[in-house]
Peer 1: 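Sharing a structure, written as structure tokens. Questions coming.
Letters go in sequence order (proteins before strands), and every chain restarts at 1.
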Number of protein chains: 2
Amino acid sequence: MGASYYQFCPVAKAMELLDERWTLLIVRELMSGSERFNEVRRGVPRMSPTLLSKRLSQLVRAGIVTRGADGDRYVLTPAGEELRPVVEALALWGIRWIGELGDHDLDPKLLLWDMRRRIDHDAVPDGRTVVLFGFPDVPVRERHWWLVLAPGDADVCDMDPGFEVSVTVTGDLRQMVRIWRGDLRWEDALRSGEVTVRGPESLRRAVPGWFVLPPFAAAPRPA
Amino acid sequence: MGASYYQFCPVAKAMELLDERWTLLIVRELMSGSERFNEVRRGVPRMSPTLLSKRLSQLVRAGIVTRGADGDRYVLTPAGEELRPVVEALALWGIRWIGELGDHDLDPKLLLWDMRRRIDHDAVPDGRTVVLFGFPDVPVRERHWWLVLAPGDADVCDMDPGFEVSVTVTGDLRQMVRIWRGDLRWEDALRSGEVTVRGPESLRRAVPGWFVLPPFAAAPRPA
DNA sequence: CTGTATCCTCAAGGATACTG
DNA sequence: CAGTATCCTTGAGGATACAG
């Protein structure tokens, strides 16, 4: 647990639990649907497993998280679920007031992991669809990513899974992140050539519709 | 500044600024109307002035706080003002899910400082009204507090200011804090005798109406 | 896959005194 | 009133390897 503030104020009592590094990001991951240790971990890749384990235990002790019936999952309790307005308020504030991202904030692994769980499967063609992402501004090792879409399923690979590629999306990671955060519109990125999509005409036009931007992306920005 | 999370997620970017110890409590103080260094300090008495100074500088650098025109005040910027929903969401969550307070969370200084700024001056009689608080469960040094009310003004003293006392409120600090947080109703505390008010009948009945409980006090609690 | 165990460093921040 | 200066401790958390 974090150190006490020795205050009866509910903000202080809440922050005693929540102001430790990583804690709210773990809660965010659980709210996004991650349940297993390594699922959560994919959302906080810079966190050591030791620390993640410790934080999860703290959250369980604090009554924010509980172990699933099979003892293997981490699930938010009602108290944890009620942190959603906190996380949403933080996301809204963050998207409005922190627009500049450092190069180190751009992680293709995190982008794909996040896109993976926000696929509009109804918009994707039946059968298997493979989207190859290429980020020219990223070191070769992490430049290419395959997103394998099947009805109700989506997988991310950082190595060629061997399937035929349906469409290829190419553009700097920074621009793709801007699109994903709602700082740049697909159509503007495509028009300017900052991002290009190759593949059959019908698929090309459909690609942007396959990805549901996170809720905060639509938030109005300060003038 | 806090360490980076190396994520583009706006929650992560927000928490880089806000997850450091004390930071959101300072923001809460500024939202409550404190503007001067020592006003803020009264709201975070366990914080060293050095650290408070450092945090305020960080908040200024982050664009959340700015110095007032006279260069002597700390004022929230629009970005800082927009943290209000975050603080409110935290307060609501805290009041609902963290009901147990340790003995060290009960600070009469903080309670009076908070009450002082939430006086309903329209409900208080004209002229000077002096409320003496006595907390039998608190060490003698901090047991007695005088709240001196005048039209549009309120002062807290931990020593007898020498004015005639209008009403005396006596009750354990823990119960007074429960009242203030909305965990216990004035009328229930008075009926049970956990808190007693002495003074002229007309004033006695009026006392609870002089204090406007903080907004979160009215929040429904989980069943 | 789901974590533990270990080691190590650094800096956050608590305490206290002091200054313009 | 509005902060600085200084000292000091400890534990947070990063890194890496390993285990059931």
Peer 1: Taking A:P49's backbone N and O only, do any of them form a donor-acceptor pair with A:S53's side chain (distance below 3.5 Å, no angle check)?
Peer 2: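 Checking the backbone N and O of A:P49 against the side chain of A:S53, no donor-acceptor pair under 3.5 Å is found.
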
Peer 1: Measure from CG on A:L51 to P on C:dC8 and round the result to the nearest Å.
Peer 2: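 From A:L51 CG to C:dC8 P: 19 Å.
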
Peer 1: For the CG atom on B:D126, are there more than 12 heavy atoms of other groups (residues, nucleotides or ligands in this structure) within a distance under 6.0 Å?
Peer 2: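 No, CG of B:D126 has 12 or fewer neighbouring heavy atoms, counting only those of other groups under 6.0 Å.
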
Peer 1: Rounded to whole Å, please give me the gap between CG in B:D19 and C1' in C:dA12.
Peer 2: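 That distance rounds to 12 Å.
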
Peer 1: Check the pair B:F211 / B:I119 against side chain to side chain contact (heavy atoms under 4.5 Å, CB included), numbers first and verdict last.
Peer 2: CA-CA 5 Å; B:F211 303 97; B:I119 305 292; 3.6 Å; yes

Peer 1: For DNA chain C, find the residues of residues 61-77 of chain B with a heavy-atom distance under 4.0 Å and give them by number; none if there aren't any.
Peer 2: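 None - not one residue of the stretch has a heavy atom sitting under 4.0 Å from the strand.
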
Peer 1: Quick one: does B:R55's side chain have a donor or acceptor within less than 3.5 Å of a partner on B:L24's backbone?
Peer 2: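 A pair under 3.5 Å: no.
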
Peer 1: Distance-only, no hydrogens or angles: does the A:S32 side chain make a donor-acceptor pair with backbone N or O of A:R28 under 3.5 Å?
Peer 2: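 Here the side-chain-to-backbone pair exists.
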
Peer 1: Examine C:dA12: is either OP1 or OP2 under 4.0 Å from a nitrogen or oxygen in the side chain of B:K54? Give yes or no.
Peer 2: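 Looking at the OP1 and OP2 atoms of C:dA12, one of them is under 4.0 Å from a side-chain N or O of B:K54.
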
Peer 1: Rounded to the nearest angstrom, tell me the gap between atom CE in A:M47 and atom P in D:dG13.
Peer 2: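 These atoms are roughly 8 Å apart.
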
Peer 1: Nearest heavy atom decides the nucleotide; on that basis, is A:S57 or A:A3 closer to the 5' end of DNA chain C?
Peer 2: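 The residue whose closest nucleotide sits nearer the 5' end is A:S57.
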
Peer 1: Does the structure place the NZ or CZ of B:R128 under 6.0 Å from the centre of the six-membered ring of B:F163, at an angle of no more than 45° from the ring's axis?
Peer 2: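 Cation-pi check for B:R128 and B:F163: passes.
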
Peer 1: Answer yes or no: is there a donor N or O on one side and an acceptor on the other, between the side chain of B:D153 and the main chain of B:A150, under 3.5 Å?
Peer 2: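 Side chain of B:D153 to backbone of B:A150: no pair is present.
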
Peer 1: I need a per-nucleotide contact map over nucleotides 15-20 of chain D, read 5' to 3'. Cutoff is protein heavy atoms under 4.0 Å; write B for the base, S for backbone only, - otherwise.
Peer 2: BB----

Peer 1: Between the protein and nucleotides 8-10 of chain D, are there any N/O to N/O pairs under 3.5 Å, and if so, what are the atom names and distances?
Peer 2:
none

Peer 1: Take the protein atom CD of B:Q58 and the nucleotide atom C1' of C:dA11, then report the distance between them rounded to whole Å.
Peer 2: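 Answer to the nearest Å: 13 Å.
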
Peer 1: Would you please say whether a donor-acceptor pair under 3.5 Å links the side chains of A:R178 and A:Q175?
Peer 2: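 Looking only at side-chain atoms, A:Q175 and A:R178 do form a donor-acceptor pair, the distance falling under 3.5 Å.
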
Peer 1: What is the separation between atom CD on B:E20 and atom P on C:dA11, rounded to the nearest whole Å?
Peer 2: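 Atom-to-atom, B:E20 to C:dA11, this comes out as 13 Å.
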
Peer 1: Can we say A:K13 and A:E16 salt-bridge, meaning some charged N sits less than 4.0 Å from an Asp/Glu carboxylate O?
Peer 2: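 Salt bridge flag = yes for A:E16 with A:K13.
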
Peer 1: Is the NZ or CZ atom of B:R67 positioned over B:Y74's six-membered ring, under 6.0 angstrom from the centre and within 45° of the axis?
Peer 2: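 Judged by the rule, B:R67 and B:Y74 form a cation-pi pair.
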
Peer 1: Taking everything shown except A:H104 itself, do over 12 heavy atoms lie less than 6.0 Å from its NE2?
Peer 2: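 No, NE2 of A:H104 has 12 or fewer neighbouring heavy atoms, counting only those of other groups under 6.0 Å.
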
Peer 1: Under 4.0 Å from OP1 or OP2 of D:dG14: is there any side-chain N or O of A:W22 that close?
Peer 2: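 Checking D:dG14 against A:W22, a side-chain N or O does come within under 4.0 Å of OP1 or OP2.
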
Peer 1: What residues from residues 24-40 of chain B pass a heavy-atom cutoff of under 4.0 Å to DNA chain D?
Peer 2: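 The stretch gives B:R36, B:F37, B:N38 as the residues lying under 4.0 Å from the strand, ordered by number.
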
Peer 1: Under the 6.0 Å and 45° cation-pi test, does B:R143 pair with B:F135?
Peer 2: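 Output no; distance or angle outside limits.
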
Peer 1: With axes from five pairs an end, tell me the bend angle of the helix from C:dC1-D:dG20 to C:dG20-D:dC1, nearest 10°.
Peer 2: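 One end's axis against the other's: 60°.
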
Peer 1: Using modelled atom types and a 3.5 Å cut-off, is there a donor and acceptor pairing between side-chain atoms of B:T77 and backbone atoms of B:I64?
Peer 2: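 Yes: the side chain of B:T77 pairs with the backbone of B:I64.
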
Peer 1: Can you tell whether the side chains of B:R174 and B:D103 come within less than 4.0 Å, N to carboxylate O?
Peer 2: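 Yes.
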
Peer 1: Hey, could you give me each pair passing ring pair (Phe, Tyr, Trp, His ring centres under 6.0 Å) that has a residue in residues 9-64 of chain A? Not counting sequence neighbours.
Peer 2: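 Listed by first then second residue: A:W22-B:Y5.
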
Peer 1: Please check if the number of heavy atoms outside B:R141 that lie under 6.0 Å from its CZ is greater than 12.
Peer 2: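 Incorrect, the count does not exceed 12.
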
Peer 1: Between atom CG in B:L52 and atom P in D:dT4, what is the gap in whole Å?
Peer 2: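 Rounded to the whole Å, the gap is 10 Å.
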
